[in-house]
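First the structure, in the form of structure tokens, and then the observations on it.
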Amino acid sequence: MSERVTRLRALVRQAGAQRSAGMSTSREPDEVVAELDDLTVWFPTPAGMVRAVDGVSLQVRRGETLGLVGESGSGKSTTGLALLRLVDPTSGGVRVAGQDVTRWSRRRLRALRRRVAMVFQDPHASLDPRRTIGASIAEPLIVHRLTDRGAARRHRVEELLDMVGLRRDLADRHPHELSGGQRQRVGIARALAGEPDLIVLDEPIASLDLSVQAQIMNLLRRLQRELGLTYLFIAHDLAAVEHMSDRMAVMYLGRIVESGTPAQIWREPAHPYTAALLSAVPVADPRIERQRRRIILSGDIPSPVDPPAGCRFRTRCPQARPDCASTDPVLAEVGPEHRAACLFAGDAVRAMRTP
Ligand SMILES: Nc1ncnc2c1ncn2[C@@H]1O[C@H](COP(=O)(O)OP(=O)(O)OP(=O)(O)O)[C@@H](O)[C@H]1O
Ligand SMILES: [Mg+2]
């Protein structure tokens, strides 16, 4: 695991330098492209109401990558799907490109799905096995009536293949003839086709080999630099999110528990859950690694059908105190652009980290 993270970091570092160099050009400062306002998404199931997303507010600004990290089941994908209205909000609001899309009808949603595109974890499952690669990439062009049929469409498909670094002759192949990395490039080409305002990347590298993961991350960063793209980057791998993101948010049981820049989160986590996640990420320097304390969380994530009262992390928090059972902490400022939802933010983390 340690070696894996170290290699991954080395591979993406180069792209990081390129990215910061190119970032200032295409960016309107602080223009909000997409916004969730106290969103809840609940699913009725035989076991009860699953509170997949339970009061999430976030803003994605033009030209940035907002990283969303958290354990399996914390509600990351549901949050991403809500931005495309692929799930219906139970309450709260969804705004995209200045428009309130919370209650848009199915017909209007077609326009939204051009503005927001999604890349999924498993490119094999998201591509139709019977269609050629060219036909898959052309589909959004047809649905959104973006090119005339014939030569213009063929030309645009070739252009999209070029952009994601695939040979043009792959247009006539089928998904099973491509590698995992090539298929994910096709998924990215499809997402680019409608020139969206926002691309939701839901674990885009999780199913790929290590060296291919770095290639796809580098491709995503190059495309962002060249096209001024905006990303919501979802992953459970904290190291990957740190390297991809300008800002990041940590989710636990349907809520954002901490948000800030990767540097803030990495150097001074304010929520005990973030501190625990970070303590599990190996550090390359063996001297630092030996001095670090691994914070082991007891138990599993509680069921989202019946989240704990008060702070929902308290059942696993090594620093939980009586107040945590009675008060549900809000996401409050702990520094500039740095927020945490913990009654004892900062203090609790310091206590956990002191041997
Ligand atoms: N359509 C659905 N019906 C019922 N429950 C659902 C549905 N979609 C998601 N859930 C539940 O909602 C919770 C959040 O799921 P979600 O897929 O958003 O989490 P995630 O953070 O993306 O997890 P992972 O890392 O495993 O992808 C989980 O408990 C999941 O089982
Ligand atoms: Mg998911």
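Each residue takes its place number in the sequence, starting with 1. Atoms within each ligand, like the ligands themselves, are counted from 1 in listed order.
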Quiz item: Hydrophobic clusters join Ile, Leu, Val, Met, Phe, Trp and Tyr when side-chain heavy atoms are under 4.5 Å apart, directly or via other members; which others share one with M49?
Solution: W42

Self-check item: Atom NE2 of H236: over 12 foreign heavy atoms under 6.0 Å
Solution: no

Quiz prompt | Carboxylate-amine/guanidinium proximity below 4.0 Å for R62 and D246 | solution = no

Quiz item: Hey, what else clusters with V330 if you join Ile, Leu, Val, Met, Phe, Trp, Tyr whenever side-chain heavy atoms sit under 4.5 Å?
Solution: none

Exercise. Consider only side-chain N and O atoms of D122 and S207, and report whether a donor and an acceptor are under 3.5 Å apart.
Key: no

Self-check item: Protein-derived N, O or S atoms lying under 2.8 Å from the Mg ion (ligand 2), waters excluded
Solution: 1

Self-check item: R156 with E195: basic N within carboxylate O range, under 4.0 Å
Solution: yes

Self-check item: First-shell residues of ligand 1 [heavy atom, distance under 4.0 Å]
Solution: F43, T45, V50, A52, E71, S72, G73, S74, G75, K76, S77, T78, E203, P304

Practice problem: Give a yes or no on whether the backbone of P175 and the side-chain of R183 come within a donor-acceptor separation of less than 3.5 Å. | Solution: yes

Practice problem: Indicate yes or no: does R321 engage D347 in a salt bridge with an N to O separation below 4.0 Å. | Solution: no

Exercise. Would you kindly say whether D209 and S211 are connected by a side-chain donor-acceptor distance under 3.5 Å?
Key: no

